[in-house]
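Only a predicted model underlies this, so the values are computations on that prediction, with no experimental measurement involved.
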Amino acid sequence: DEVEEAPAPLVATGQEVRPQGLAAPRGGAPDDLTLIDGVSPQKQSTLNSIGVYHFDQIAAWSPGNVAWVDQYLRLRGRIVRERWVE
């Protein structure tokens, strides 16, 4: 069995920053975030619950934002590995 190691942190502990969320999706409709590799319908629902509805929001995440979301969703580095921001 290969044990997947947690990646090195993107930012120092305590430097994680919750991304700025929206109160509602722009134009009344969210983007289909499941088109991003690794975003399941459940993860999309959780992202929506913290105000993340659009691809451009994810594209604008800082390393601190990525670290916060990675920790919040318990993704163990998947955001970077699966290149969500790109």
Side-chain angles (χ1 to χ4, degrees):
D1 288 342
E2 282 190 34
V3 176
E4 189 174 315
E5 290 182 31
L10 289 173
V11 295
T13 301
Q15 299 299 308
E16 302 89 353
V17 181
R18 181 176 175 155
Q20 182 70 43
L22 300 172
R26 293 187 297 264
D31 292 338
D32 182 0
L33 300 179
T34 64
L35 296 174
I36 299 171
D37 188 32
V39 177
S40 65
Q42 181 180 7
K43 284 187 182 64
Q44 175 174 263
S45 177
T46 303
L47 288 167
N48 291 170
S49 77
I50 62 169
V52 177
Y53 300 99
H54 302 288
F55 297 122
D56 66 311
Q57 288 178 275
I58 294 171
W61 283 352
S62 68
N65 296 150
V66 170
W68 188 92
V69 175
D70 191 76
Q71 190 172 50
Y72 185 76
L73 295 178
R74 298 182 183 91
L75 296 176
R76 301 175 56 95
R78 286 181 56 192
I79 294 173
V80 172
R81 245 187 347 273
E82 295 170 353
R83 303 174 60 133
W84 291 17
V85 173
E86 287 85 357

Any side-chain heavy-atom pair of Tyr72 and Thr46 under 4.5 Å: yes
Closest non-hydrogen atom pair between Pro30 and Pro25, with its separation: N-CB, 3.5 Å
Any Trp84 side-chain heavy atom under 4.5 Å of Leu33 side chain: no
Non-hydrogen side-chain atoms of Arg26 and Asp56 separated by less than 4.5 Å: yes
Phe55 with Ile58, same ILVMFWY side-chain cluster at under 4.5 Å: yes
Check: Glu82 and Ile36 side chains under 4.5 Å, non-hydrogen atoms: no
Cluster overlap Leu75 with Val52, hydrophobic side-chain contacts below 4.5 Å: yes
Path from Val85 to Val80 over hydrophobic side-chain contacts below 4.5 Å: yes
Heavy atoms from other residues, nucleotides or ligands near CD of Gln42 exceed 12 (cutoff 6.0 Å): no
Short side-chain donor-acceptor distance under 3.5 Å, Ser62 and Asn65: yes
Any side-chain heavy-atom pair of Leu47 and Leu73 under 4.5 Å: yes
Residue pair Asp32 / Gln44, side-chain heavy-atom distance below 4.5 Å: yes
N/O donor-acceptor pair under 3.5 Å between Gln57 side chain and His54 backbone: yes
Hphob cluster co-occupancy, Ile50 + Trp61, side-chain heavy atoms under 4.5 angstrom: yes
Heavy-atom side-chain proximity of Asn48 to Tyr53 below 4.5 angstrom: yes
